[in-house]
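Report on the structure given below.
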Amino acid sequence: MRRPARYRASARFYDLISAEWPVYRAGRVAAIELLALKPGENVLDIGCGTGLNFSHIQQRIGPTGSITAIDASAQMLDQARRRTRSAGWNNVRFVEADGTSLDPADLGGGGTFDAALSTYVLSLMPNWPRALATMIDVTRPGGRVAVVDMQKPVGPAAVWTPLARLACLMGGSDINAHPWRMIDSSLTDVRAASARGGHIQVRVGSVDGTSRHGTDP
Ligand SMILES: C[S@@+](CC[C@H](N)C(=O)[O-])C[C@H]1O[C@@H](n2cnc3c(N)ncnc32)[C@H](O)[C@@H]1O
């Protein structure tokens, strides 16, 4: 399995150094709002990191719902477990795995989840289309899939491009990957949002019977 080394060393400090409040929180808040999660829903979070999405998801799904949290870094998962324990959530399942080589059968099979999301992760993966295809395949028809990722800021905010490039470089992201385009082309009822001068891109689409990619190995 590919283990992202930079998320091994920085896991304990990730929440402090990730510019969550001034910059990146806006993307996860917008995505989880657009996912319109309901009480009792089962949610897949690919590349969950330290679990910064969890509280936003938990507020909507409640104790009868569940989160399946996947990450390739054991150290990031440890931080996510710590967050989960201290919040008293009993509905989070953790899986240490590479998002680009998941076997849908290990996650419960096709159509298992009501919703799936990946925030600031896909642009780190050379084979992100495979990870996103799996997210779509394991989401039920009528379920929703969300991608939050980064690009160069646009318009007047383009002056911030060197800073955006630096943030992506430090995190290991390809600023030109634009993985949300696969949501635009593969899903229906696509809703979009952006933040921070277009640097943060959010897409949420609905899965229908024609969305499947057949990622079962
Ligand atoms: C920038 S952090 C984002 C974490 C979280 N999603 C968030 O919004 O704060 C990227 C995360 O993706 C994970 N990651 C990178 N490549 C991965 C892969 N191939 N499979 C699963 N997780 C991966 C890293 O370990 C890290 O926890």
Side-chain angles (χ1 to χ4, degrees), residues 1-35 43-58 67-84 87 92-104 106-107 115-135 138 145-151 164-175 177 179-180 193 195-196 199-204 215 217:
M1 177 180 31
R2 259 176 75 89
R3 289 172 198 278
R6 63 170 43 82
Y7 293 103
R8 193 163 51 226
S10 64
R12 283 201 302 151
F13 313 106
Y14 177 82
D15 292 359
L16 287 174
I17 61 177
S18 62
E20 170 70 2
W21 276 90
V23 184
Y24 294 109
R25 185 177 188 274
R28 72 181 83 257
V29 167
I32 293 166
E33 186 74 35
L34 288 174
L35 274 172
V43 181
L44 175 66
D45 186 351
I46 297 260
C48 66
T50 62
L52 287 170
N53 290 329
F54 293 178
S55 63
H56 305 280
I57 297 171
Q58 295 282 10
I67 299 174
T68 297
I70 294 182
D71 204 284
S73 160
Q75 290 75 14
M76 292 295 266
L77 282 175
D78 281 346
Q79 298 303 313
R81 280 194 192 91
R82 194 173 302 213
R83 182 187 302 279
T84 298
V92 186
R93 172 192 173 206
F94 295 96
V95 181
E96 186 183 335
D98 184 336
T100 62
S101 56
L102 289 169
D103 180 348
D106 293 339
L107 299 175
L117 81 165
S118 193
T119 59
Y120 310 112
V121 177
L122 294 177
S123 60
L124 287 165
M125 301 173 173
N127 191 7
W128 63 260
R130 175 67 159 74
L132 184 46
T134 303
M135 288 168 66
V138 298
V145 176
V147 168
V148 179
D149 226 303
M150 297 161 287
Q151 66 172 11
R165 277 191 190 284
L166 182 66
C168 289
L169 190 71
M170 285 171 62
S173 303
D174 174 1
I175 201 168
W180 55 85
R196 305 297 178 255
H199 173 50
I200 299 171
Q201 290 292 312
V202 180
R203 294 292 187 285
V204 177
T215 51

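All ligand and atom numbering here is 1-based and tracks the order in the structure.
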Ligand 1 contact on Ser173 by region, counting heavy-atom pairs under 4.0 Å: neither

Min side-chain heavy-atom separation Cys48-Leu77 under 4.5 Å: yes

Region of Asp98 that comes within reach of ligand 1 [heavy atoms, distance under 4.0 Å]: both

Non-hydrogen atom of Ser18 closer than 4.0 Å to ligand 1: no

Under 4.0 Å to a heavy atom of Ala97 - the qualifying atoms of ligand 1, by number: 20 (N), 21 (C)

Part of Val121 with heavy atoms under 4.0 Å of ligand 1, whether side chain, backbone, both or neither: side chain

Pairwise side-chain contact, Tyr14 with Gln79, heavy-atom cut-off 4.5 Å (strictly under): no

N or O contact, Arg28 vs ligand 1, cut-off under 3.5 Å: yes

Neighbour count >12 (heavy atoms, 6.0 Å) for atom CD, Glu33: no

Minimum heavy-atom distance Asp15-Ser18, with the two atoms named: O-OG, 3.7 Å

For ligand 1, the portion of Tyr14 having any non-hydrogen atom under 4.0 Å away: side chain

Heavy-atom gap Gly171 to ligand 1 smaller than 4.0 Å: no

Residue portion contacting ligand 1 (non-hydrogen atoms closer than 4.0 Å) for Tyr120: both

Thr119: numbered ligand 1 atoms lying under 4.0 Å from its heavy atoms: 3 (C), 5 (C), 6 (N), 7 (C), 8 (O)

Ligand 1 to Asn53 polar contact by distance, N or O atoms, under 3.5 Å: no

Heavy-atom nearest option to atom 18 (C) of ligand 1, drawn from Met150, Glu96, Met125: Met125

Between Ser73 and Asp71, a side-chain donor and acceptor under 3.5 Å: no

Numbered atoms and elements of ligand 1 in range of Gly99, under 4.0 angstrom, heavy atoms: 18 (C), 19 (N), 20 (N), 21 (C)

Cation-pi check, Arg81 onto Phe94 ring (under 6.0 Å, within 45° of axis): yes

Per-atom contacts of ligand 1 with Met76, taking only distances under 4.0 Å to non-hydrogen atoms: 27 (O)

Mode of Glu20 contact toward ligand 1 - side chain, backbone, both, neither (heavy atoms, under 4.0 Å): neither

Short side-chain to backbone donor-acceptor contact, Tyr120 and Tyr24, under 3.5 Å: yes

Residue that, paired with Val148, satisfies side chain to side chain contact (heavy atoms under 4.5 Å, CB included) out of Val202, Leu34, Leu122, Asn53: Val202

Ligand-side contact atoms (ligand 1) for residue partner Gly49, heavy atom cut-off under 4.0 Å: 4 (C), 27 (O)

Per-atom contacts of ligand 1 with Leu124, taking only distances under 4.0 Å to non-hydrogen atoms: 10 (C), 12 (O), 15 (C)

Stepwise side-chain contact (heavy atoms from CB on, under 4.5 Å) check, Ile46 with Met125: CA-CA 12 Å; Ile46 297 260; Met125 301 173 173; 4.2 Å; yes

Contact atoms of ligand 1, heavy-atom distance to Leu52 under 4.0 Å: 9 (O)

Heavy-atom check, side chain of Arg83 versus side chain of Leu52, under 4.5 Å: yes

Sub-4.0 Å heavy-atom contact, Ile70 with ligand 1: no

Asp149 versus Val121, closest heavy-atom pair with distance: OD2-N, 3.9 Å

Any donor-acceptor N/O pair, Arg196 side chain to Pro22 backbone, under 3.5 Å: yes

